[in-house]
Amino acid sequence: MIPYEPEKIETKWQDKWEEQKIYQAIDGSKKQKFYALIEFPYPSGAGFHVGNARSWLAMDAYSRKKRMNGFNVLYPMGWDAFGLPAENYALKNKLHPSITTAQNIATFKRQIKSLGLSFDWSREINTTDPKYYKWTQWIFLKLLEKGLAYRAETSVNWCPICKTTLADEEVLADGSHERCGKPTEKRFQKQWLLKITDYAQRLLDDLNLVDYSQKIRVQQENWIGRSEGAELKFGIKGTESQINVFTTRIDTIFGASALVVAPEHKIINQLEDRIKNIDEVRGYQKKAKDKSELERTDLAKEKTGVRLEGIIAVNPFSEEEIPVFAADYIMESYGTGAIMMVPAHDNRDYGFAQKYNLPIKEVIAPYWLDSKYPPRPDKQTEKREVVTIIVRNPKDKKLLCLKWKKADWQSFPTGGVENDDPKTAARRETLEETGYKNLKFIAQIPGSTYVEFYRPHKDSNVYAHFQYLVFELENEEKIDIEKNEINNHEPVWISENEIESFINVENQLFMWRRFKTPDLIYTGYGVLIDSGKYSGLFSEDACNKMVSWLQEKNLGNATINYKMRDWIFSRQHYWGEPIPVIHCQKCGAVPVPETDLPVELPYVENYEPSGTGESPLANITDWVNTKCPQCQGEARRETDTMPNWAGSNWYFLRYLDPDNSREIAAKDKMKYWMPVDIYQGGFEHTTLHLLYSRFIYKFLYDIGVVPGPEPYAKRRSHGIVLGPDNRKMSKSFGNVVNPDDIVKKHGADTLRLYEMFIGPFDQAVSWNEDSLQGCFRFLNRVWKLFQEKVKEEETSKDILRKLHQTARKVGEDIENLKFNTMVASLMKFINEWEKSFLSKEDAELFVKIIAPLAPHLAEEAWVEILKNKFSVHQQPWPKFDEKLIIEDKVIMVIQINGKVRGQFEMDNQDSQDQAKVTDQARKHPQIIKYLEGKEASKNIFVPGKLINFVI
RNA sequence: GCUCUCGUGGUGGAAUCGGUAUACACAACAGGCUUAGAACCUGUGGUCGCAAGACCGUGUGGGUUCGAAUCCCACCGAGAGCACCA
């Protein structure tokens, strides 16, 4: 037998695949296309690590299977080579970025080849190639033309170490720079911005057009952060001025005890003369401005503010007069930069109100609890003859009205303490420990599960929690509350519309009383109290009615706000695409004419950031000084460059037509290949690259360049690979695993197998080479089997069935990206194969299903051992035989009251027949003793699986 | 604080329209092969019991169900993302 020596076979086939170009995608083929995309890497100095490789390998297996399925597969690769890390690396190593980048790409390509990845290299792209970035610049010109790129003086994040401005997204939550980890500062500077906010709603809506995993979708939604609310005007007493306020909770307006504006708010300048303590206010403004990002995000920080003395706002609903504050917990950039403060129903407002001694007025009552249970030890419970509880089922929002008379409390079907059952007793004990003595009643709502009392947290409160109801409204018949002599034990469903009339009938708001003590703020929806004519309404209804009223009086309107902000598009760096704009004293910012593209990055010796806020390009006078394209006068080029996201926004289009010098890509090619069928990448790019590129693609769609509204039909993300120490693989931790070492030791196929087997593809996994052995062993065994367990005889029926079952499982698992169970099923199969043998034909089937995973071994077995024609990767994916998969014998399980008590084998056909199964099961020796002298009240039968006797 | 995800043997994990929990692999132990080691092969896998078998068992408590890792509620814990977002 020839031993398995991967180093010998792997390079041999890698060379042959390259030579024969078997992985090239064909433009405009008659075959159905399939575009599989992975995020193209930034070619870093150290080469890539096993974490990077994981998703490429997964998509490689996927692409290989799709090719075998008969698709014309495009699986391309390129280089996202612009950006800060390239520049930093080059600075450190005293080499020009273009040289180091080229070197790094060579390393990456060597590594990629050694893993046997099936990329189509004829379409390789590089974002730093002027022929490529010509089109990055072209897109910018189009954005400029449509008014989606603009310049504005903005507060930007500045990193004093890297001497550059940063996007919000590059600053971590603690205010440090994502790359260097050092604190950042705020600076004001003229910057280019892209109006991604114009696309906010479409970016949100069109998530419906694509298949993204739930996690990605939710994160994008949160990032866009749509919130619906109302904008309304508060008048300032004695002036014509008004303050615009945005709120999502207009239903709480009767509880507003102040207005709070951002320190930068324009009202301060407007009414400067009226503010009696203007010096104090100015001082506060200055202090707020000087605060670093770090201080402003400090959670433990107490809220500060300053009252605008002499300014009184008027609540348009209650006509109450309330003070106005400026505070830095209000963001100028979100909403209107002003809020109404409702301390009783907002945690931040509550903290602020306590500090400044403002009234806390509750206007929303939680409505699902009645205060009767349990009696508060610190308060006299009101005596009432009738108690009503309203419970809202959160699922379908139906409301249940329960009413019973005091006399009947003890007669509830279950639960009264009077007739303690063990569970109730235990509950009462728990309650008594918490300080509630003399408990009289623990009522169980009929049909619901039970009423549980517990201490929620911070041992401040005890409140009652009712488990939700399990009833369904069988018919929607209306119930006349007044007439209905409500049966004390029967629940009565009422619809939400009826609640208002119900309240009127009862006219008893006591039932909304709460358990909470005032130091816990209730921020949810509820029933309005102390809110004038809106009292008694539910929050949702109240919001609608209040907005209508505002519209009528022309005081406000329903509005929508987004958290997402415009995208700062300037960088003060050398290693990026120059922004194609010329600044002329006469004409202003003039776009470079399309015919002059690309604006090439000049070669320059000294490319260190200037640190003044200007890019190093500013020093190259003969490049900077130019003529204005409009007036031909003296002018200067824009010296800022684009962020590294610019080149990656649209790269997937360039793969379709990488050498096109007339357009981004030919229309027919885009029409054929787009959209990307599956886009696989890291979860960390969900709100950056993924959202940005969707925006740019939509823009290109609007100007008629691309054929559809969404670039990626399907997006999945993979879990990151952590180092053996469970930390993120990073050079600074020294836990980076280089695939080269593993390839050298065990071969590429072992690495490929292991990366898939290590754990669920979408979850984070830590690298642990213990089970790498198992994968190597597996391949050795497969190798041995091909040589020793392939015979010129027909495969036994049993093993053939298992082979076809495995083929089905492998195919399904690849489609569902469940690579770990795919490997497991292959391993399971060879455990069977070892006990038997396969015919040559069936061995070939096995080679095909293992080919996407272990392409080298499969090719060697296909060509050299089984003597077939090159290449296994161009064979059709095997069809499993439905009939062969069906087992003829099945194991039936016998349960008594749901517990497994025995099992027996029977014919698959008979196992579908309840009578036959019951009959056989009754005769089973383990079962007889259970059934003796007893009658099974019913039995549950699951065809082909089990029978359950209920005694 | 908010949003999302997750919690199963010594370990990575499998099983979710509710139906035999622990597939597959690693490690460990025992045995075989071997001068020896490596490699390879076989066996074992919660507790009690000689055994048949019984009982426990998927973070905790409760519920629904003939039957729950899976569905519902609460709690505890871990991870990720966002964060003074009105």
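Every chain is numbered from 1, with letters handed out A, B, ... down the list of sequences.
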S.K.: Is there a donor-acceptor contact under 3.5 Å from the side chain of A:Y284 to the main chain of A:D328?
M.R.: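 Between the backbone of A:D328 and the side chain of A:Y284 there is a qualifying donor-acceptor contact (under 3.5 Å).
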S.K.: In whole Å, measure the gap between the P atoms of B:C6 and B:A15 for me.
M.R.: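 Straight-line distance between the two P atoms is 13 Å.
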S.K.: Between protein and nucleic acid, restricted to nucleotides 3-10 of chain B and to nitrogen or oxygen atoms under 3.5 Å apart, what atom pairs and distances do you find?
M.R.:
from: B:U3; atom 1: O2'; to: A:N222; atom 2: ND2; distance (Å): 3.1

S.K.: Among all residues two or more places apart in sequence or in another chain, which pass the salt bridge (charged side-chain N to carboxylate O under 4.0 Å, His left out) test with A:K802?
M.R.: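 Listed in chain order: A:D798, A:E832.
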S.K.: Polar atoms only, N or O, under 3.5 Å: list the protein pairs with nucleotides 21-24 of chain B and their distances.
M.R.:
from: B:A23; atom 1: O2'; to: A:K828; atom 2: NZ; distance (Å): 3.3

S.K.: Can you tell me how far C1' in B:G45 sits from the matching atom in B:A39, rounded to whole Å?
M.R.: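 Going atom to atom, C1' in each nucleotide, I get 24 Å.
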S.K.: What residues, two or more places apart in sequence or in another chain, satisfy ring-ring contact (aromatic ring centres under 6.0 Å, His included) together with A:H746?
M.R.: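 ring-ring contact (aromatic ring centres under 6.0 Å, His included) list for A:H746, sorted by chain: A:F776.
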S.K.: Counting distance only, does the side-chain N/O of A:W783 pair as donor-acceptor with the main-chain N or O of A:I2 below 3.5 Å?
M.R.: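 Side chain of A:W783 to backbone of A:I2, a donor-acceptor pair under 3.5 Å: yes, one is there.
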S.K.: Between A:Y334 (OH) and B:C85 (P), how many Å, whole number?
M.R.: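 These atoms are roughly 9 Å apart.
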S.K.: Roughly how far apart, to the nearest Å, are B:G57 and B:A68 at atom C1'?
M.R.: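 Their C1' atoms lie roughly 13 Å apart.
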S.K.: Under the rule for side-chain hydrogen bond (donor to acceptor under 3.5 Å, both in side chains), what residues qualify as partners of A:T197, not counting sequence neighbours?
M.R.: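 A:T197 satisfies side-chain hydrogen bond (donor to acceptor under 3.5 Å, both in side chains) with A:D566 once adjacent residues are dropped.
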S.K.: Syn or anti for B:G9, given that syn means the glycosidic angle lies within 90° of 0?
M.R.: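 Syn conformation here, the glycosidic angle of B:G9 being no more than 90° from 0.
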S.K.: State the CG-CZ distance between A:N831 and A:F778, to the nearest 0.5 angstrom.
M.R.: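 Those atoms lie 9.0 Å apart.
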S.K.: What's A:R901 touching, base or sugar-phosphate or nothing? Going by heavy atoms closer than 4.0 Å.
M.R.: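 Since only primed, P, OP1 and OP2 atoms lie under 4.0 Å of A:R901, the category is sugar-phosphate.
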S.K.: Students often get this wrong, so: under 4.0 angstrom with heavy atoms, is A:L772 touching a base, only sugar-phosphate, or nothing?
M.R.: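 Nothing, no nucleic acid heavy atom in range.
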S.K.: Nearest-Å distance, CG (A:L946) to P (B:C66)?
M.R.: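 The distance from CG of A:L946 to P of B:C66 comes to 15 Å, rounded to the nearest Å.
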S.K.: List in chain and number order the residues that pass side-chain hydrogen bond (donor to acceptor under 3.5 Å, both in side chains) with A:K215, two or more places apart in sequence or in another chain; answer none if no residue qualifies.
M.R.: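 Scan of A:K215 (side-chain hydrogen bond (donor to acceptor under 3.5 Å, both in side chains), adjacent residues dropped) gives none.
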S.K.: Nearest whole angstrom, please: distance from the C1' of B:C82 to the NE2 of A:H685.
M.R.: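 Distance check: A:H685 NE2 to B:C82 C1' gives 17 Å.
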S.K.: Of all residues at least two apart in sequence or in a different chain, which pass the side-chain contact (heavy atoms from CB on, under 4.5 Å) check with A:A258?
M.R.: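 A:A258: side-chain contact (heavy atoms from CB on, under 4.5 Å) contacts with A:P323, A:F325, A:M341, A:L358.
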S.K.: For a quick check, with a 4.0 angstrom heavy-atom cut-off, what is the B/S/- contact string for nucleotides 36-43 of chain B, read 5' to 3'?
M.R.: ----SS--
S.K.: In chain order, what residues pass the side-chain hydrogen bond (donor to acceptor under 3.5 Å, both in side chains) check against A:E905, with sequence neighbours excluded?
M.R.: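 A:E905 satisfies side-chain hydrogen bond (donor to acceptor under 3.5 Å, both in side chains) with no other residue.
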S.K.: Check whether any side-chain N or O of A:T252 sits under 3.5 Å from a backbone N or O of A:V342 as a donor-acceptor pair, and report yes or no.
M.R.: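 Not a single qualifying donor-acceptor pair exists.
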S.K.: If I pick the P atom on B:C4 and the same atom on B:C72, what distance separates them, to the nearest angstrom?
M.R.: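 Rounded to whole Å, the distance is 13 Å.
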S.K.: Taking only residues two or more places apart in sequence, or in another chain, which ones meet A:R54 in a side-chain hydrogen bond (donor to acceptor under 3.5 Å, both in side chains)?
M.R.: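 For A:R54 there are no side-chain hydrogen bond (donor to acceptor under 3.5 Å, both in side chains) partners, ignoring immediate neighbours.
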S.K.: When all nucleic acid strands are considered with a 4.0 Å heavy-atom cut-off, which category describes A:S227: base, sugar-phosphate, or nothing?
M.R.: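 Contact class for A:S227: sugar-phosphate only.
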S.K.: Keeping the roles fixed (side chain from A:R217, backbone from A:L207), state whether a donor-acceptor pair exists under 3.5 Å.
M.R.: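 Yes, because the side chain of A:R217 sits within donor-acceptor range (under 3.5 Å) of the backbone of A:L207.
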S.K.: Could you go through the ring pair (Phe, Tyr, Trp, His ring centres under 6.0 Å) check for A:Y754 and A:W767 one step at a time?
M.R.: CA-CA 10 Å; A:Y754 176 63; A:W767 189 262; 4.9 Å; yes
S.K.: Starting at CZ of A:F352 and ending at P of B:A86, how long is that distance when rounded to a whole Å?
M.R.: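 Those two atoms, CZ and P, are 18 Å apart.
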S.K.: Below 4.0 angstrom, which residues in residues 252-260 of chain A have at least one non-hydrogen atom near RNA chain B?
M.R.: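 None - not one residue of the stretch has a heavy atom sitting under 4.0 Å from the strand.
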S.K.: A:Y212 versus A:T686: any side-chain heavy-atom pair under 4.5 Å?
M.R.: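 A:Y212 vs A:T686: side chains apart.
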S.K.: Between B:C50 and B:G32, how many Å separate the two C1' atoms, rounded to a whole number?
M.R.: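 Those two atoms are separated by 27 Å.
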S.K.: Expressed in whole Å, how much space separates the P atoms belonging to B:A23 and B:U47?
M.R.: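 My reading of the P atoms in B:A23 and B:U47 gives 16 Å.
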S.K.: When the C1' atoms of B:G7 and B:C55 are compared, how many Å lie between them, rounded to an integer?
M.R.: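 Per the computed distance, 25 Å lies between those C1' atoms.
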S.K.: When the P atoms of B:C82 and B:G10 are compared, how many Å lie between them, rounded to an integer?
M.R.: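 Here B:G10 and B:C82 have their P atoms 36 Å from each other.
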S.K.: Would you check if the side chain of A:N816 reaches a backbone N or O of A:K818 as a donor-acceptor pair within less than 3.5 Å?
M.R.: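 Pair absent, no side-chain N/O of A:N816 close to backbone of A:K818.
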S.K.: Have A:Q914 and A:N939 got a donor and an acceptor in their side chains that come within less than 3.5 Å?
M.R.: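 Per modelled atom types, A:Q914 and A:N939 side chains form a pair under 3.5 Å.
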S.K.: Has A:R752 got a side-chain atom pairing as donor or acceptor with A:L853's backbone, closer than 3.5 angstrom?
M.R.: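 Pair found, side chain donor or acceptor close to backbone of A:L853.
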S.K.: To the nearest angstrom, how far is A:F683 atom CZ from B:A80 atom C1'?
M.R.: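 That distance rounds to 7 Å.
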S.K.: Tell me, what's RNA chain B's dot-bracket, Watson-Crick or G-U with both distances under 3.5 Å, | for other-strand, [ ] crossing?
M.R.: (((((((..(((......[....))).(((((.......))))).(((....)))...(((((..]....))))))))))))....
S.K.: At less than 4.0 Å, is any side-chain N or O atom of A:R348 found next to OP1 or OP2 of B:A83? Yes or no.
M.R.: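 False: A:R348 side-chain N/O out of range (4.0 Å or more) of B:A83 OP1/OP2.
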S.K.: For a quick check of understanding: with a heavy-atom distance under 4.0 Å over all strands, which category does A:K818 fall into, base, sugar-phosphate or nothing?
M.R.: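 Here A:K818 touches the backbone only, sparing every base.
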